[in-house]
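Here is the structure we will look at.
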Amino acid sequence: METTSNENTINQPDEYAGMLILDRMNEHWRGANDPLHAFALDELLCRRTGEGGPPVCHIWRHANAFILGQRDARLPQVDEALHALKARHYMTAVRSSGGAAVPLDDGVVNVSLIMPMASSGTGVRFNQDFERMYDLIAEALAPTGAKVDKGEIIGAYCPGDYDLSIDGRKFCGIAQRRQAKAFIIQAFIIAEGSGEQRAAAVRAFYDQAAAGIEPGKAYPFVVPDSTSSLEKLTTIGPNAAVTFAERIKSVIRSRQRPDALAASAASLQLPQPEELQAMIEALHSRYKH
């Protein structure tokens with residue numbers, strides 16, 4: 001967990017002043033783990049934050065996983081579709097936050113902002129939580145000169161009002177998970193590889209899981225060429241996943257304050273392995289498949 005700071009950012013907004021960075025970009029290389037590991041960690045960190053712990057930016061990726069939304073898990077032929085995914089060596093699970101199906105791999109960077117509810121509130125500020133993630137990602141990509149747009153991209157997988165796109169093609173989706181005293185804003189960012197191939201995989205899942213049902217409210221109609229990656233849409237260059245993660249960290253570091261970071265580090269309590277495993281099992285039980 002990083003506690004570095006930039007001494008020259010004393011006047012930056014307070015919401016990032018004491019935010020700690022948990023970078024797990026390389027942790028999956030130590031061996032396959034449960035696809036709900038990162039989501040369980042988010043849940044527990046969010047609980048800690050709600051109890052007075054520090055805000056956290058959790059950056060992670062997971063190889064060969066296919067994560068369903070809760071509505072996806074209720075599609076009539078979902079068991080058959082999941083069997084087909086597992087035959088292609090995908091690990092599968094259902095996530096607790098909003099949204100629909102997304103494939104994860106080494107080229108997809110996931111960013112979670114975990115913050116106390118006092119930073120959000122209710123009503124109109126609900127959308128401001130999504131705006132916070134949009135602003136962070138747009139600033140991280142500013143050096144490329146790309147204009148990041150927000151708004152639903154028709155035909156993209158996991159569609160929503162806060163799809164992020166460049167030149168009309170989606171590269172990022174944002175979801176939210178709210179607890180009683182804290183909240184998580186989660187974004188998946190397609191950094192490397194083919195967005196089209198990932199969209200085609202999601203389309204194939206729905207074609208099987210929702211056989212006989214017209215697309216619409218039950219599931220999105222996915223068009224492969226609606227989606228792309230930062231590698232193809234911007235000048236971010238090679239190793240786009242690692243480069244993008246570093247830029248996210250750089251933006252947050254520019255807003256950190258030494259005094260706030262010291263207080264955050266003192267209040268940090270990372271979950272114990274047995275607590276994390278219990279949460280993973282609870283999420284699997286709650287959101288079966």
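Remember, it's a predicted structure, so these values are computed and weren't measured experimentally. Computed over heavy atoms, backbone and side chain alike; hydrogens, waters and symmetry mates excluded.
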Looking at [atom1] of [X] and [atom2] of [Y], how far apart are the two atoms once the value is rounded to the nearest 0.5 Å?
X      : Y      : atom1 : atom2 : result
Ile184 : Gln179 : CD1   : CD    : 5.5 Å
Glu139 : Ile248 : CD    : CD1   : 9.0 Å
Asp34  : Gln277 : CG    : CD    : 7.0 Å
Gln176 : Leu113 : CD    : CG    : 10.5 Å
Trp60  : Asn26  : CH2   : CG    : 14.5 Å
Leu85  : Glu80  : CG    : CD    : 12.0 Å

Review point. With sequence neighbours left out, what residues match Asp135 under salt bridge (Lys or Arg N to Asp or Glu O under 4.0 Å)?
Key: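 Result, salt bridge (Lys or Arg N to Asp or Glu O under 4.0 Å) vs Asp135: none returned.
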Between [X] and [Y] (side chain of the first, backbone of the second, donor and acceptor by atom type, cut-off under 3.5 Å), is there such a pair?
X      : Y      : answer
Asp163 : Ile153 : yes
Ser264 : Pro54  : no
Lys170 : Gly195 : no
Tyr219 : Ile213 : yes
Ser250 : Glu246 : no

Exercise for review: Mind running side-chain contact (heavy atoms from CB on, under 4.5 Å) on Thr243 and Arg247 for me, showing each step along the way?
Suggested key: CA-CA 6 Å; Thr243 300; Arg247 289 185 178 177; 3.9 Å; yes
Review point. Is Asp23 salt-bridged to Lys249, going by a charged N under 4.0 Å from an acidic O?
Key: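 Yes, Asp23 and Lys249 are salt-bridged.
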Check your understanding: Thinking salt bridges, do Glu192 and Arg61 make one under a 4.0 Å N-O criterion?
Key ->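 Looking at Arg61 together with Glu192, the answer is no, because their closest N to O distance does not fall below 4.0 Å.
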Please give me the minimum heavy-atom distance between [X] and [Y], naming the atom from each residue.
X      : Y      : value
Ala38  : Arg24  : CB-NH1, 3.9 Å
Phe183 : Cys46  : N-SG, 3.6 Å
Ile114 : Asp42  : CD1-OD1, 3.7 Å
Ser226 : Gly155 : OG-O, 2.9 Å
Glu231 : Gly193 : OE1-N, 2.8 Å
Pro35  : Ala93  : CG-CB, 3.9 Å

Review point. Taking the six-membered ring for Trp, are Phe205 and Phe66 parallel (under 30°), tilted (30 to 60°) or perpendicular (over 60°)?
Key: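 Plane angle between 30° and 60°, so tilted.
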Practice item. List in chain and number order the residues that pass side-chain hydrogen bond (donor to acceptor under 3.5 Å, both in side chains) with Ser194, two or more places apart in sequence or in another chain; answer none if no residue qualifies. Key: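 With neighbours one apart ignored, the set is Glu196.
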Review point. Looking at residues at least two apart in the chain, or sitting in another chain, which of them share a side-chain contact (heavy atoms from CB on, under 4.5 Å) with Ala187?
Key: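 Expected list: Met133, Ile137, Cys172, Ile174, Ile189.
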Review point. For Glu214, does the CD atom sit with more than 12 other heavy atoms under 6.0 Å from it, leaving out its own atoms?
Key: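 No, not enclosed.
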Review point. Is atom CD of Glu152 surrounded by more than 12 heavy atoms (other residues, nucleotides or ligands) closer than 6.0 Å?
Key: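 Yes, enclosed.
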Does [X] belong to the same Ile/Leu/Val/Met/Phe/Trp/Tyr cluster as [Y], with side-chain heavy atoms less than 4.5 Å apart forming each link?
X      : Y      : value
Val251 : Val148 : yes
Val222 : Ile154 : no
Val223 : Ile190 : no
Tyr90  : Val94  : yes
Val109 : Ile166 : yes

Using a 4.5 Å cut-off on heavy atoms from C-beta on, say whether the side chain of [Y] contacts that of [X].
X      : Y      : result
Arg48  : Val56  : no
Gln269 : Glu51  : no
Arg177 : Arg95  : no
Tyr16  : Cys57  : no
Met19  : Met115 : yes
Leu22  : Leu41  : yes
Leu270 : Leu45  : yes
Asp225 : Arg169 : yes

Review point. His37 and Ile280: side-chain contact (heavy atoms from CB on, under 4.5 Å), yes or no, with the steps?
Key: CA-CA 6 Å; His37 182 279; Ile280 291 171; 4.1 Å; yes
Practice item. Please lay out, stage by stage, how Ile21 and Gln256 fare under the test side-chain contact (heavy atoms from CB on, under 4.5 Å). Key: CA-CA 10 Å; Ile21 298 172; Gln256 292 172 328; 4.1 Å; yes
Review point. When you check the side-chain N and O atoms of His62 and Asn33, is any donor under 3.5 Å from an acceptor?
Key: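 Indeed, the side chains of His62 and Asn33 share at least one donor-acceptor pair under 3.5 Å.
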Exercise for review: Determine, stepwise, if the pair Val202 / Arg198 fulfils side-chain contact (heavy atoms from CB on, under 4.5 Å).
Suggested key: CA-CA 6 Å; Val202 177; Arg198 294 181 179 97; 5.8 Å; no
